[in-house]
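Sequence lines set the chain letters: A, B, ... in the order given, protein chains first and strands last, and positions in each chain run from 1.
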Amino acid sequence: MKKLVASALCVCMMTGMLAGCGDTAQPATDTPADQPADTTADKPADTTADTPADAPAGDVTLNVWAFTDEVPNMVQKYIDTHPDCGFNFTSTIIATTDGAYQPALDQALAAGGADAPDIYAAESAFVLKYTQGDASQYAMPYEDLGIDVAAELKAADIAQYTVDIGTRPSDGKLVGLGYQATGGVFIYRRSIAKDVWGTDDPKTVAEKIGAGTNSWDTFFSAAAELKAKGYGIVSGDGDIWHAVENSSDKGWIVDGKLTIDPKREAFLDLSKQLKDNKYHNDTQDWSDAWFADMKGEGAQGILGFFGPAWLINYTLAPNCGGEKVGEGTYGDWACCEPPIGFFWGGTWVLANKATTKTDAVKQIIDWITLDCTENGLQYMWANGTFNGEGGTKDCVASGTVMSMSNGTLDFLGGQDMFEAFVPANQYANGKNLTQYDETINGYWREQVREYTAGNKTREAAIADFKQNVADNLDVTVE
Amino acid sequence: MLDNKETKIIKVFIYIVCVILTVLSILPFWIMIVNATRSTTQIQQHAVAFIPSTYMMNNFKILTGKSFNPMVGFKNSLIVSTFATLCATYFSTLTAYAVVVYDWKLKNAFFSFVMAVMMIPAQVTMIGFYQMAYKLGLTNSLLMLILPSVAAPSMVFFMRQYMIPSLPLEIVQAARIDGAKEFYTFNIIALPIMKPAIATQAIFSFVSSWNNLFTPMVLLTKQEKYTMPIMVSLLKGDIYKTEYGAVYMGLTLTVLPLIIVYLFLAKYIVAGVALGSVKG
Amino acid sequence: MKNKNNINAKYSKFGYIFVIPFTIAFLFFMLYPIFYTAFIGFTGLKGLGNTISTPGMGLLKENIFKNFKDVIANGTFQQSMKNTVKMWVLNFIPQILLALLLTSWFTDKRSKVQGEGIFKVIFYLPNIITAATVAILFGAIFGYPMGPMNDLLARFGFIDEPVHFFLSKNVAQGVVIFIQTWMWYGYTTVNIIAGVNGISPEIFESAEVDGASRTQTFFQITLPNIKTIMLFILVTSLIGGLNMFDIPKLLVTNSGPDNATKTTSVFIYDQAFAGSYLYNKAGAASMIMFVIIVILSAILFYIMRDKDEAALKKMKKQQDKLRLAEIKAQELLNGKGM
């Protein structure tokens with residue numbers, strides 16, 4: 001009997017499906033995303049007016065997609081601090097490892113419907129795809145959400161590169177903004193600097209590593225000095241890579257063609273030099289060995305890491321092996337100007353044009369990206385009050401907020417990190433990003449590793465890199 | 001005597017090899033389960049230990065704190081596997097019954113066709129399958145993971161092979177004389193006779209559906225719909241970097257139900273493999 | 001006779017009715033996707049969210065085989081093909097040898113192995129576990145610098161410094177091969193043992209009477225009698241091997257190092273669902289794999305048919321054998337054979 005019921009059920013499901021397919025096949029081909037988009041674009045004002053009246057508290061559920069729990073936590077915070085906002089949310093978090101986030105997000109955006117994301121986050125390595133590239137058609141301009149973009153940008157004094165990256169070229173409208181400023185500095189171990197150069201003063205260390213010289217020569221002399229004392233200068237070639245990548249003039253793709261910027265090509269030699277002289281512990285970034293170097297437990301002590309403010313809070317601090325001065329390497333760090341200005345990372349927040357929950361989306365996005373008051377996200381973010389007093393601090397996109405904030409950290413031995421980071425943020429620009437950066441960087445780093453490990457010649461590594469790009473991406477390679 | 005001694009040496013050798021293989025089969029899972037109860041610090045000091053520690057709940061909290069929800073994956077996998085298995089076994093038996101019991105013109109052509117398509121793997125049809133599901137707006141529907149199992153050619157083949165010797169046509173004839181309807185005869189008489197074959201095939205169908213990664217990976221984008229293997233693949237992500245205990249815990253949670261079920265049904269499973277090959 | 005035919009004719013419609021669900025599901029979920037995949041291989045379909053009805057994504061106007069040519073000329077595809085074949089061959093050889101060795105031990109009456117049933121259950125265990133879990137578990141086991149493998153090697157004094165296993169192509173491929181062997185040798189063993197148990201015991205008895213040695217018996221009697229089952233295992237394993245996906249996809253990040261663990265299935269997935277969404281290239285690659293698999297299926301089909309015909313010819317003998325296997329299987333099912 002059970003089987004009968006089960007089989008009857010199956011037959012019903014199937015008939016239902018076949019019938020359903022006959023009905024929906026035709027309109028569905030016209031991509032479901034088009035329809036709701038038109039309605040919302042036409043009358044954003046209506047929707048905003050309707051929503052609070054129609055929907056009692058908690059009835060609207062936002063779908064939030066992100067690659068870490070950062071943005072979902074922000075949404076949660078907003079809901080917690082605004083109990084009468086009238087909505088809640090569900091989050092989908094997929095790590096970017098193995099490039100898993102993008103395909104999943106892409107399919108969710110393309111599939112549309114009730115499950116589609118309303119708010120989604122994109123990282124600098126692939127944000128261009130969503131703001132300017134293949135998937136930019138899914139983004140809803142901020143102004144269509146009912147945000148007075150021009151006025152708020154001005155009031156918050158948002159870093160220009162954040163705006164550049166978030167602006168869709170097809171219609172010149174702003175579709176995404178970040179909340180961080182991710183200009184990078186050199187973050188070094190005070191104790192190692194003292195041991196080698198007799199001082200841990202940022203100015204001296206900056207001089208030693210060739211700060212602002214726009215070349216790596218001085219940096220490598222410093223590496224030799226460190227080596228003589230048994231230290232490495234960086235943990236792996238990935239540390240230098242982020243500085244190289246985002247200081248180069250051109251991105252990987254120019255006019256649809258693969259382009260290898262001379263600065264990026266030179267990374268082959270820099271990496272080889274580091275490896276041959278054992279100036280690093282040959283770790284890969286985000287690997288266990290890389291984290292071990294933050295704790296000072298690698299094969300040789302490592303002077304420092306290149307990175308923006310978030311690297312300190314989200315990577316160095318949790319992996320330093322302690323939670324207060326004296327434990328692990330906590331408190332043994334300081335920031336100084338890097339040899340070459342660069343930026344690394346950052347998260348942009350976008351809205352799906354197919355969303356029907358415009359008002360809720362607007363509240364969240366406005367609060368995260370443009371609110372420059374002390375109640376806005378960025379103020380909490382910059383001053384470490386997001387999770388209560390004494391939390392992690394970060395550089396934020398709003399200049400207005402930065403000027404109201406204080407970046408003193410125990411982790412940096414009491415240094416005010418904003419002193420180092422505010423000048424660094426001027427180097428950040430969105431000009432050398434492309435939509436396939438995550439994938440292409442993966443190929444490039446792989447081949448550089450093959451070359452430095454001695455498995456391939458320099459030419460073969462470049463040729464194989466080009467081959468990989470040509471084989472796997474829709475990019476012309478010459 | 002000499003022969004006896006030689007036999008003894010051979011036997012000892014056989015046991016040594018078998019014990020080594022046993023260790024190889026079990027050790028990875030043992031390491032996994034033990035590490036699921038150890039703290040990350042303990043694992044970093046020595047990644048292999050044989051005695052469980054006390055951090056099980058702690059690891060579980062870290063794991064579920066990072067939006068890893070094994071219950072959701074478990075539920076979805078259970079739904080998909082159960083219904084897929086029901087569909088596969090029931091309709092495969094029905095199809096085999098049609099081939100064995102009735103004489104119809106296209107019977108041989110049909111059966112040859114079933115055998116010809118027996119081996120088509122899901123991978124090569126996936127691009128078309130995905131585009132179809134996408135057009136229908138069914139990419140996040142578990143139905144797309146269940147319904148295809150109605151057509152399981154290799155199971156039809158197996159059921160036919162089993163049915164020929166086990167289901168005497170006389171029984172069917174007798175039922176007809178008693179006035180039974182054909183569909184009734186199948187459900188009440190044929191199905192119970194096929195029970196042993198259905199049981200083994202059900203186990204395999206369930207396991208392969210439970211373990212399927214490719215199709216759900218392509219189709220499912222919504223976290224509430226994720227099946228266990230996709231949940232598992234998330235453990236590779238950055239957010240679990242350096243949370244070794246939690247990763248091992250996640251792996252253990254996904255494997256434990258399988259191991260427990262296997263230990264209960266092992267006899268039947270191993271016998272089922274053998275049965276399948278004798279017939280096939 | 002005539003009467004019977006009439007009865008059969010009366011009921012024959014049920015034959016058609018009962019295969020309807022199978023046929024519908026088959027047409028809808030297998031046949032249509034195959035043709036659709038093939039069709040996509042001839043179109044310009046690429047890019048996120050597009051379908052073949054999107055302008056510019058339809059059939060290629062000139063050079064209709066462009067995608068197929070591109071895929072065949074694609075260096076990464078060639079490499080993934082080589083990897084797939086290499087990893088399959090190197091996993092199949094030890095797997096079949098080990099299975100044969102275990103079979104020869106477990107089926108030899110002269111040295112009855114105690115606990116054969118338990119060993120079979122344990123050897124088969126890895127096969128039942130989710131491949132995705134196995135891949136990530138082994139990724140952790142071979143982790144650097146703190147993985148269990150490094151820990152074990154260091155404790156036994158084989159290494160002084162932790163080894164980063166997945167930096168070496170051979171090691172990465174080797175681990176994939178090891179996992180595949182580890183997961184499947186139990187399955188193969190159980191299958192071959194069942195095949196040997198299907199051989200008439202008289203043959204073995206007479207061999208023993210004739211004074212054949214263990215080795216002689218195995219090579220001259222056992223092996224020739226399990227030819228069919230060996231071929232069955234070979235072809236199913238080959239088809240499975242050509243579609244290797246879960247382990248290579250999840251073991252090493254980005255199929256590294258330098259694409260060493262990229263299989264054709266991973267290639268197809270990457271083309272279609274990562275990067276540029278080249279559905280047309282993925283469709284063409286799928287069809288190339290499909291053709292290869294159809295050829296292999298045809299071989300399997302031929303083998304099976306051959307077996308049925310043989311059964312007809314040597315009716316009595318073979319039927320006895322089948323009957324015996326039947327009983328054996330029943331016993332196994334009832335737990336007696338364990």
Heavy-atom side-chain contact between Val19(C) and Trp104(B) under 4.5 Å:
yes

Between the CD1 atom in Ile128(C) and the CG atom in Leu258(B), the distance rounded to the nearest 0.5 Å is 7.5 Å

At a 4.5 Å cut-off on heavy atoms, which part of Leu21(B) comes close to chain C: side chain, backbone, both, or neither?
both

Look up atom CD1 in Ile17(C) and atom CD in Glu182(B), then write down how far apart they are to the nearest 0.5 Å.
9.5 Å

Find the distance between CD (Gln123(B)) and CD1 (Ile239(C)) and round it off to the nearest 0.5 Å.
12.0 Å

From OG1 (Thr125(B)) to OH (Tyr36(C)), nearest 0.5 Å
13.5 Å

Specify the closest pair of heavy atoms between Val124(B) and Met287(C), including all atoms of both residues, with the distance to one decimal.
O-CE, 4.1 Å

What part of Phe138(C) is in contact with chain B, defined as an atom under 4.5 angstrom from a non-hydrogen atom: side chain, backbone, both or neither?
side chain

Pro28(B) to Ile141(C) - nearest heavy-atom pair and separation
CB-CD1, 3.9 Å

Count the heavy-atom pairs under 4.5 Å between each of Phe110(B), Phe204(B), Phe186(B) and chain C, then report the option with the highest count.
Phe110(B)

Under 4.5 Å from any heavy atom of chain C, what part of Met217(B) do you find: side chain, backbone, both or neither?
both

Quick one: side chains of residues 144-152 of chain B, donor-acceptor pairs under 3.5 Å with protein atoms, not counting sequence neighbours, listed by atom name and distance.
from	atom 1	to	atom 2	distance (Å)
Ser149(B)	OG	Ala84(B)	O	3.1
Ser149(B)	OG	Ile146(B)	O	2.5

Chain B contact via Ile40(C) - which portion, at a heavy-atom distance below 4.5 Å
side chain

Between Ile230(B) and chain C, with a heavy-atom cut-off of 4.5 Å, which part of the residue counts as in contact: side chain, backbone, both or neither?
neither

Given that the side chain runs from C-beta out, which part of Phe123(C) has a heavy atom under 4.5 Å from chain B: side chain, backbone, both or neither?
both

What part of Ile233(C) is in contact with chain B, defined as an atom under 4.5 angstrom from a non-hydrogen atom: side chain, backbone, both or neither?
neither

How far apart are the closest heavy atoms of Ile127(B) and Ala282(C), and which atoms are they?
CD1-CB, 3.6 Å

Engaged part of Ile193(C) at the chain B interface, taking heavy atoms whose separation is under 4.5 Å
neither

Proximity breakdown for Leu238(C) and chain B, heavy-atom pairs closer than 4.5 Å:
neither

To check you understand the geometry: which heavy-atom pair defines the closest contact between Ile129(C) and Phe29(B), and what is its length?
CG1-CZ, 3.5 Å

Are Gln131(B) and Thr51(C) packed together at the side-chain level, in the sense that at least one heavy-atom pair is separated by less than 4.5 angstrom?
yes

Is the ring pair Phe273(C)/Tyr130(B) parallel, tilted or perpendicular, if the boundaries are 30 and 60 degrees?
perpendicular

Does any heavy atom of chain B fall under 4.5 Å from the side chain of Gln271(C), the backbone, both, or neither of them?
neither

How far apart are the closest heavy atoms of Tyr11(C) and Tyr102(B), and which atoms are they?
O-CD2, 3.3 Å

Max heavy-atom pair count under 4.5 Å with chain C, selected residue of Trp210(B), Phe214(B), Tyr262(B):
Tyr262(B)

Which one wins on heavy-atom pair count under 4.5 Å against chain C: Asn212(B), Val19(B), Val17(B)?
Val17(B)

With a 4.5 angstrom heavy-atom cut-off, could you sort out which part of Tyr32(C) is near chain B: side chain, backbone, both or neither?
side chain

Given a strict heavy-atom distance threshold of 4.5 Å, which part of Leu213(B) is in contact with chain C: side chain, backbone, both, or neither?
both

Turns out that what part of Lys107(B) lies under 4.5 Å from chain C's heavy atoms comes down to neither

Relative to chain C, which segment of Val261(B) carries a heavy atom at a distance below 4.5 Å: side chain, backbone, both, or neither?
neither

Of the backbone (N, CA, C, O) and the side chain (C-beta and beyond), which part of Met183(C) lies under 4.5 Å from a heavy atom of chain B, both, or neither?
neither

Heavy-atom contact with chain C under 4.5 Å, split by part of Leu24(B):
both

Proximal component of Thr23(C), with respect to chain B [non-hydrogen, under 4.5 Å]
side chain

Measure the spacing between CE of Met132(B) and CZ of Phe28(C) and express it to the nearest 0.5 Å.
5.0 Å

May I have the list of side-chain donor-acceptor pairs in residues 94-101 of chain B shorter than 3.5 Å, sequence neighbours left out?
from	atom 1	to	atom 2	distance (Å)
Thr95(B)	OG1	Phe91(B)	O	2.6

Give the ring-plane orientation class for Tyr15(B) versus Phe119(C), where under 30° counts as parallel, over 60° as perpendicular and anything between as tilted.
tilted

Go through the atoms of Ile293(C) and report whether side chain, backbone, both or neither lie under 4.5 Å from a heavy atom of chain B.
side chain

Chain B contact via Leu27(C) - which portion, at a heavy-atom distance below 4.5 Å
neither

Note, Thr254(B) side chain near Thr130(C) side chain (heavy atom, < 4.5 Å)
no

